[in-house]
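Since the structure comes first, as structure tokens, the remarks are kept for the end.
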Amino acid sequence: GQSLEQPSEVTAVEGAIVQINCTYQTSGFYGLSWYQQHDGGAPTFLSYNALDGLEETGRFSSFLSRSDSYGYLLLQELQMKDSASYFCAVVGTALIFGKGTTLSVSS
Amino acid sequence: EPEVTQTPSHQVTQMGQEVILRCVPISNHLYFYWYRQILGQKVEFLVSFYNNEISEKSEIFDDQFSVERPDGSNFTLKIRSTKLEDSAMYFCASSDSSDSSYEQYFGPGTRLTVT
């Protein structure tokens, strides 16, 4: 079977840096994607790692270690609008999502 | 910017009734997907569709579900005999190739309430 683990909640203040970890067990792994979802709206794509290492996209970065079956999303210079749910998703022949991490950013 | 659209935004139906959820994927995309999200839970894969046939389906996608691309723009999910536990948000998504299935574009969802 496939399983992904990520923390259920994270809190931080504006301007801070937060890291959301994701560990996975799966077969047919091509890579790890990250999606953001505000208030049950449409998930939106943030980042993707097919290979080990760090991918940087503006304030957001994502890391993957295939040997450790582990990845993380790093959010820098947090803003109030970053308050949302963040999902890691294993990319195989379909996207399999984790349970999501609710990030609350306070001033 | 092109976007995936879904109708209706909210559908209320009685248990045992059939519902059809509609989606218009991004026009040059070739791969289409349906997901569901029960309130407060994770997004769950239902089915993927390419070249007018199902590519993959999950255990959730049983015989009560079917998908169709009735014309060049619409992509539909039919639930034949709804159950209370089918109440969820249903998201349609599309991607332009199998190589970019990691980046899927999601519609705003249809909230299905089964009473």
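Order of the sequence lines sets the chain letters (A, B, ...), proteins ahead of strands, with each chain counted from 1.
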Between [X] and [Y], what is the shortest heavy-atom contact and its length?
| X | Y | result |
| --- | --- | --- |
| A/A42 | B/P108 | CB-CA, 4.1 Å |
| A/Q37 | B/F91 | NE2-CZ, 3.6 Å |
| B/S101 | A/G92 | OG-O, 4.2 Å |

Would you say [X] and [Y] are hydrophobically clustered, going by side-chain heavy atoms of ILVMFWY under 4.5 Å?
| X | Y | value |
| --- | --- | --- |
| A/F45 | A/Y86 | yes |
| B/V4 | A/F87 | no |
| B/V24 | B/L21 | no |
| A/F63 | A/V18 | no |

Which atoms of B/Y102 are under 4.5 Å from chain A, going by heavy atoms: the side chain, the backbone, both sets, or neither? both
Tell me, side chain or backbone of B/Y35 under 4.5 Å from chain A's heavy atoms, or both, or neither?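 The answer is the side chain of B/Y35.
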When you look at [atom1] of [X], are more than 12 heavy atoms from neighbouring residues, nucleotides or ligands closer to it than 6.0 Å?
| X | atom1 | answer |
| --- | --- | --- |
| B/D63 | CG | no |
| A/E77 | CD | no |
| B/M15 | CE | no |

Taking the side chain from B/Y33 and the backbone from A/A94, do they hold a donor-acceptor pair closer than 3.5 Å? no
Is there side-chain contact between A/I96 and B/F45, with at least one heavy-atom pair below 4.5 Å?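 Yes - at least one pair of side-chain heavy atoms lies under 4.5 Å apart.
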May I ask you to name which of A/T102, A/T44, A/L32, A/V91 has the most heavy-atom pairs under 4.5 Å with chain B?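 Maximum pair count with chain B is reached by A/V91.
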Among A/G41, A/G100, A/P43, which has the most heavy-atom pairs under 4.5 Å with chain B?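 Winner by heavy-atom pair count: A/P43.
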Using a cut-off of under 4.5 Å on heavy-atom pairs, state which of B/Q37, B/E103, B/E56 scores highest against chain A.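 Most pairs with chain A among the choices: B/E103.
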Against chain A, work out which of B/K42, B/Q6, B/E44 has the most heavy-atom pairs shorter than 4.5 Å and name it. B/K42
Quick one: sort the B/F106 and A/F97 rings into parallel, tilted or perpendicular, breaks at 30° and 60°. perpendicular
